[in-house]
Amino acid sequence: MTKFGELISIEKPVLIDFFADWDDDTNSLDILRDVAAALGDKAKVIKIDIEKNEILAEALRVKGNPTFMIYKNGEMKWRQTGEQDANTLIGLVQQYL
């Protein structure tokens, strides 16, 4: 939890994809790669495995897979459960640059 707090407390927007290995497809990885490439160093893009981080997932009430969140300065700015395309995610993160 301490490390998560450090991750989300930066001035750049942080896009987090909470996923589970059993339901992860390579398409999701490609989408995040495209988002990271488009945003460059203006934002962080992170994948967090909910099975390996159960306490964090429970604390954030992550029920669906995938669940995306955007944080900036330690504050959650946006949250959505369900598949998202790269352009949608890029546009959402750009709102917080």
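Keep in mind it's a predicted model, so treat the numbers as computed, not measured.
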Less than 4.5 Å apart, side chain to side chain, heavy atoms only: is that true for Phe68 and Leu32? yes

Please identify which of these residues, Val35, Asp34, Asp17, meets the side-chain contact (heavy atoms from CB on, under 4.5 Å) condition with Leu89. Val35

Checking side chain to side chain contact (heavy atoms under 4.5 Å, CB included) for the pair Phe4/Ile46: CA distance, chi angles, key distance, verdict? CA-CA 11 Å; Phe4 181 75; Ile46 300 168; over 6 Å; no

Interatomic spacing from CD in Gln84 to CG in Leu92 - rounded to 0.5 Å: 7.0 Å

Heavy-atom check, side chain of Glu58 versus side chain of Ile55, under 4.5 Å: no

Find out whether Lys12 and Ile10 are in side-chain contact, i.e. whether some heavy atom of one side chain is under 4.5 Å from a heavy atom of the other. yes

Minimum heavy-atom separation for Thr81 and Gly64, please, with both atom names. CG2-CA, 3.5 Å

Is there side-chain contact between Arg33 and Val45, with at least one heavy-atom pair below 4.5 Å? no

Hey, are the side chains of Asn65 and Phe18 touching, using non-hydrogen atoms and a 4.5 Å cut-off? no

Looking only at atom types and distance, does a side-chain atom of Asn73 sit under 3.5 Å from a main-chain N or O of Glu75, one as donor and one as acceptor? no

What one should report as the nearest heavy-atom pair of Ala38 and Ile90 is CB-CD1, 3.5 Å

Going through the distances and angles, do Asp49 and Phe19 end up as a side chain to side chain contact (heavy atoms under 4.5 Å, CB included)? CA-CA 5 Å; Asp49 186 334; Phe19 74 101; 3.8 Å; yes

Are any non-hydrogen side-chain atoms of Tyr96 and Tyr71 less than 4.5 angstrom apart? no

Please evaluate residues Thr67 and Leu60 with respect to the criterion side chain to side chain contact (heavy atoms under 4.5 Å, CB included), reporting the C-alpha separation (whole Å), side-chain torsions for both, the decisive distance (0.1 Å), and the verdict. CA-CA 10 Å; Thr67 295; Leu60 294 172; over 6 Å; no

Heavy-atom nearest pair, Pro66 first then Glu83, reads CD-OE2, 3.4 Å

So do the side chains of Lys47 and Leu29 get within less than 4.5 Å of each other, counting heavy atoms only? yes

Between Ile8 and Ile16, which heavy-atom pair has the shortest distance, and what is it? CG2-CD1, 3.9 Å

Would you indicate whether the side-chain heavy atoms of Met69 and Val62 approach each other to under 4.5 Å? yes

